[in-house]
Amino acid sequence: MSLLLSGLNNEQLKAVTLPHQSALILAGAGSGKTRVLTTRIAYLIQSRQVSPHSILAVTFTNKAAKEMLARISAMLPINIQGMWVGTFHGLCNRMLRAHYQDAGLPRVFQILDSADQLAVIKRVLKGIGADDEKFPPRQVQWFINNAKDEGLRGSQVEVYDDFTRKMGEFYSAYEQQCNKEGMVDFAELLLRSYELLTRNEILQRHYSSRFNHILVDEFQDTSQLQYKWLKLLAGVEAAVFVVGDDDQSIYAFRGANTGNMKDFEHDFHISKIIKLEQNYRSHGNILDAANTLIRNNSGRLDKNLWTSEGHGEPLRVYNAQTDFDEAAFIVKEAKFLQAGGVRLSQIGLLYRSNAQSRVLEHALFNASLAYRVYGGLRFFERQEIKHALAYLRMIANQNDDNALLRIINFPARGIGIRSLEQLQFDAKQQGGSLWQAALEKYRVGAIPIQESEDMASVSHIESRKADKPKKGLNSFVVLIESMQQGCLELPLPEIVDHMLEHSGLVDYYRAQREGANRLENLNELINAATSYIQEADDGSLATFLAHASLEAGEHQSGNNQDALQLMTVHSAKGLEFHSVFLSGLEEGLFPHENSRNEVGGLEEERRLMYVALTRAQRRLYLSFTQSRMLHGQTRYNIPSRFLEEIPDSLLEWLRPVQEEVITQQVSGIMEQELGAADPRSGMLTRNSKFGIQDRTLGITGMEASQWRIGQNVVHAKFGTGIIVNCEGGGSDARVQVKFSQAGTKWLSLEYAKLVST
DNA sequence: ACTGATTCTTTTTTT
DNA sequence: AAGAATCAGT
C-alpha cells in the first residue's frame, strides 16, 4: 500500500485516496494525471476492497485504455477481467452487443466508420433523388452526426426552414436504411446506448448499481450526450472521478463541451476541485512558453503549471524557405540528436494536419531515418483492407448492402451498372436487401422451381457445384455462399486466409504492378486477426469486425523498431517526447484558416498549440516556412501568430547554412545584396546538457536577392507582410505583398520603402 | 462491360 | 497532389 502511494506529491495523494465521493481533478499537462487515475483504481481495489467488477473507466483513445490496463496489472497481481475500461464508443459497443435485442439491433450489427457512413448517405440521397448540388453528402453527414451528438433523432430535428426540413428528412431516411441493414455509425453507438438506458429502467438500475466507481480521463473532451450517458450510468450512488484540463480541450469540432466541467461541479456536488499543477515533464522555458501562450485565452479555469526543474534550453525557432527546406532541417537535426544519444522513438515530429506529413516522410525516407506515422490513412482504412473486410462482413451478415456493393464486382466478375440497377430495383420491390434479391434471382434462374422445393433441406449450392458459373451475379452468390460454408468451423485467422484466397483479392493484387504493398497489408490482416483472438475473450468474426471499425488506427504493420514518431498535434495529446519538432507554424495552417469562421475557433487552435508545446520534455523546435506546396500549388504564408505570443526571451532563432540556393529569384530586381548577417543567426545548435556534440556553423552563403517571393518585409504604413508576386524590373519593379493586417497590395519598389526582416 | 484517359473535386483535427 | 467521378473508345 505504501509502495503503491510512494512518490506521489500531496495533491496527487489527496486525489488518489479520496473517500467514496465524486471528484473533479484539474490536471495540467504533464502533471501525472494518468498516474493518478491508475493509482486510484489500484488503491480502490487493494485498500478499499472494491471489486474490479464494479469499476468502469473511460479513456479517450484505445491506446490510453490499453496503457491504463497495463499499468494497473503491473501494480496489482489480480485479475482485472471484470473491469470495464475503454473509450465511450468501445463501452457503448460492449453494452449494445450484450443487449442487442433490447436495443433493437440484430445480433451482428455492423459499425460504420466515417467513410462507410458517407457511402451510405450518398446511396440514400441518390435513392430518394436528392439534389446533391444543393445538399452535399458531406454536409448531410455533418448534420446527422451533430444531431445525434445532441441526442436527436431525425423526427426530432428542429425545423425552421426548407433546408433543415430537408436535412431532417435525409436523416430519417438514413436512419431507416441503417436499421434495415443492421448498421450503426459512431454517433449511433452513443445515442443507442443512451436511449437504451433511458428507456429500459431495469437495465439502467442494473448498471448504475453495478458500477460504484466511474473514472473518466480527458473529461474536457466529453460531449453533451456522453455526459448524459455517464450520469445515467452513475445513478445516485456511484463515485464519479473525473480528470481533465480545460486548456487541452481540442475536440470541440466533435461536440466536446468544456461546459461539462462546470455542470459536473454542480450536478455531482463537488465542493473542492483538486488541482495538479506541478509538471514533471518539461523544463522551465518550455513551460513558460506554454503558460504565456495560453493566457491569451479567456474564460479559463485558473491554473498555473510550474516545475522544480531548471529553465533548460531556449526554444529553437527555424525559418525555412520552403517545406522541403524545413524537412531537410528536421532530418539534419534529428540525426544530430540521434548521434547525441537520443533514441528516435523519443523524438516527436508534429504537424497540424495530416497532409503535411508527406514532405517530411519523403525527406526522412531519403535520409534512411526510421519513422512511424500515426493516424493519416489507417491500416483498416486502406482500400485493400476495406475490400477484404467487406467480404468478411458479407460472411457475417449478408444483408450488409454496403459491403455487397463494395465487392459485388471487385475483383471484376462482369457485373456492371445495368445488372446492379436491376438488382437494386428488385430489392426495393421486394423490400429486402440486395443479397436477398440476388438470391431470389439465382434461385429462379439456376434451378427449376419444383426441384428447389423438393430439395429444400439440401443446399442448392451443393447441387449446382458442377456447373459453377465463373462470371456474373450467380458466380457472386455461389462465391459468398461457399465462403460461408467453408468458414463455418474455422478459427478467425483461417477465415481471413480462406476469404483472401477464394475472393480473388490476392490474385488481383498479385497481378497488379503496384500491388506488392497491398498484398503485404492483406497478409498483415491475417496477423491482425491472430493477435486479436489472443487478446479478445470473444474471438468471433463479428467482434473482430467491430474491433476493426473502432480501432482503425491501433494496428500498424510497422513493428516496434526505434523510429521517429510522426503525428498530428491531435494524436499527440497524452504523449511526451524528449525532443519535439513542431512544424508548419504558419498563419492559415496553424492556426488553421478554417478556424477563423468558427466561434471560439482561434482559442481552440491556441489550446492545440498549448498541447503541442507541452509534449516536449527537454528540447523543442518550432519551424515555419515562407512557401509551401499545398493542394498542388505554392502558397506563401506569414509566421503563425502563436510564435509572437511566446516571449522572445525564450526563443533562439536559428539560421541555416545556405547549401544551395533554393529560392526563386526575381528577374530584374535582385540588384541589392544582402547586408550584414542577421545578428541572431550563427550557430545552428549549441552544446547541450544531454551530450549533443557542439557544432558551430557560420553563414557561408549569401542570399541571392533581398527581394524574392516569400520574403518577409515591413512597410512603414502597412506593417509586416510577405512578398507573394513580382513584375517588371529596374525602376518599374513592383512587388505584390500580402500584409498580415492590411491585405494584399502591389507596391512599387522605387517608392515604397520596404525593409526586409 | 471494361479500359484508360481526362476532368473535377477536395483539403483540419478523430472515435 | 491525389482521388474520385466521368467519359470515350474498345
Side-chain angles (χ1 to χ4, degrees), chain A residues 58-65 86-93 111-119 122 126 132-133 136-138 142 145 148-149 184-191 218 221-223 225-226 249-256 323 350-359 362 374-378 380-383 409-421 471-473 546-554 567-574 584 588-598 601 604-605 607-609 611-612 628-635:
Chain A
V58 194
T59 61
F60 194 66
T61 61
N62 295 301
K63 204 167 158 189
T87 60
F88 279 103
H89 295 88
L91 296 172
C92 287
N93 175 47
I111 299 174
L112 302 177
D113 67 19
S114 330
D116 297 332
Q117 185 189 31
L118 189 61
K122 280 182 184 166
K126 209 169 217 168
D132 55 355
E133 293 275 293
R138 279 192 168 281
W142 183 86
N145 288 338
K148 287 191 179 187
D149 278 339
V184 170
D185 59 49
F186 285 140
E188 182 73 22
L189 283 170
L190 297 167
L191 183 53
E218 309 279 14
D221 286 325
T222 51
S223 71
L225 186 59
Q226 288 166 340
S249 164
I250 55 175
Y251 284 97
F253 69 91
R254 200 173 87 187
D323 41 354
L350 312 185
Y351 33 82
R352 174 63 177 81
S353 58
N354 282 307
Q356 287 167 251
S357 77
R358 195 196 310 218
V359 200
H362 190 76
Y374 292 80
L377 187 57
R378 290 171 178 71
F380 286 112
E381 287 171 1
R382 290 166 198 276
Q383 62 145 310
N409 200 32
F410 190 94
R413 51 178 69 86
I415 302 169
I417 28 171
R418 289 300 289 272
S419 336
L420 212 64
E421 276 169 8
K471 288 212 128 202
L473 196 56
H547 164 88
S549 305
L550 284 171
E551 301 194 20
E554 297 306 304
M567 64 192 82
T568 62
V569 180
H570 279 90
S571 28
K573 190 162 76 153
L589 245 174
F590 199 177
H592 198 278
E593 54 197 343
N594 293 7
S595 69
R596 289 171 143 272
N597 321 319
E598 288 153 27
E604 173 138 323
E605 294 289 306
R607 289 193 294 271
L608 196 53
M609 178 74 178
V611 168
R628 173 183 297 280
M629 281 293 263
L630 204 64
H631 312 312
Q633 52 190 358
T634 311
R635 295 185 20 160

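None of these values were measured; they are calculated from a predicted model. So you know, we letter chains A, B, ... as the sequences are listed, proteins then strands, and number each from 1.
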Gap between atoms [atom1] and [atom2], on [X] and [N] respectively (whole Å):
{"X": "D323(A)", "N": "dA1(C)", "atom1": "CG", "atom2": "P", "answer": "11 Å"}
{"X": "M567(A)", "N": "dT13(B)", "atom1": "CE", "atom2": "C1'", "answer": "14 Å"}
{"X": "M609(A)", "N": "dT12(B)", "atom1": "CE", "atom2": "P", "answer": "20 Å"}
{"X": "L118(A)", "N": "dT9(B)", "atom1": "CG", "atom2": "P", "answer": "16 Å"}
{"X": "Y374(A)", "N": "dT15(B)", "atom1": "OH", "atom2": "C1'", "answer": "18 Å"}
{"X": "K63(A)", "N": "dT15(B)", "atom1": "NZ", "atom2": "C1'", "answer": "15 Å"}
{"X": "N594(A)", "N": "dT12(B)", "atom1": "CG", "atom2": "C1'", "answer": "6 Å"}
{"X": "W142(A)", "N": "dT12(B)", "atom1": "CH2", "atom2": "P", "answer": "14 Å"}

Shortest side-chain distance from [X], nucleotide among [options]:
{"X": "F253(A)", "options": "dT10(B), dC2(B), dT13(B)", "answer": "dT13(B)"}
{"X": "R352(A)", "options": "dT12(B), dT10(B), dT14(B)", "answer": "dT12(B)"}
{"X": "N354(A)", "options": "dT14(B), dA1(C), dT15(B)", "answer": "dT14(B)"}
{"X": "K122(A)", "options": "dA2(C), dT14(B), dA5(C)", "answer": "dA5(C)"}
{"X": "S353(A)", "options": "dA5(C), dT12(B), dT14(B)", "answer": "dT12(B)"}
{"X": "R358(A)", "options": "dT15(B), dA1(C), dT14(B)", "answer": "dA1(C)"}
{"X": "S419(A)", "options": "dT12(B), dT15(B), dA1(B)", "answer": "dA1(B)"}

Is [X] near enough to [N] that one of its side-chain N or O atoms lies under 4.0 angstrom from OP1 or OP2?
{"X": "N93(A)", "N": "dT15(B)", "result": "no"}
{"X": "R254(A)", "N": "dT12(B)", "result": "no"}
{"X": "S571(A)", "N": "dT14(B)", "result": "yes"}
{"X": "N62(A)", "N": "dT14(B)", "result": "no"}

For the atom pair [atom1] ([X]) and [atom2] ([Y]), what is the distance rounded to the nearest 0.5 Å?
{"X": "D116(A)", "Y": "E381(A)", "atom1": "CG", "atom2": "CD", "value": "9.0 Å"}
{"X": "M567(A)", "Y": "K573(A)", "atom1": "CE", "atom2": "NZ", "value": "14.0 Å"}
{"X": "L608(A)", "Y": "H592(A)", "atom1": "CG", "atom2": "NE2", "value": "11.0 Å"}

Between R138(A) and E381(A), name the one whose nearest nucleotide on DNA chain B is closer to the 5' end.
R138(A)

Are F590(A) and V569(A) close enough that some pair of their side-chain heavy atoms sits under 4.5 Å apart?
yes

Contact check, side chains of F88(A) and T222(A), non-hydrogen atoms, under 4.5 Å:
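Yes. Closest side-chain heavy atoms under 4.5 Å.
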
Taking any heavy-atom pair under 4.0 Å as a contact, classify D113(A): base, sugar-phosphate, or nothing.
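It contacts nothing in the nucleic acid.
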
Across the strands shown, which category fits Y251(A) at heavy-atom distances under 4.0 angstrom: base, sugar-phosphate, nothing?
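Counting heavy atoms under 4.0 Å across all strands, the contact made by Y251(A) is with sugar-phosphate only.
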
Face-to-face stacking of H89(A) with dT15(B), centres under 5.5 angstrom, angle under 30°:
no

Strictly by modelled atom types, are S114(A) and Q117(A) linked by a side-chain donor-acceptor pair under 3.5 Å?
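There is no such pair (donor and acceptor under 3.5 Å, judged by atom type) between the side chains of S114(A) and Q117(A).
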
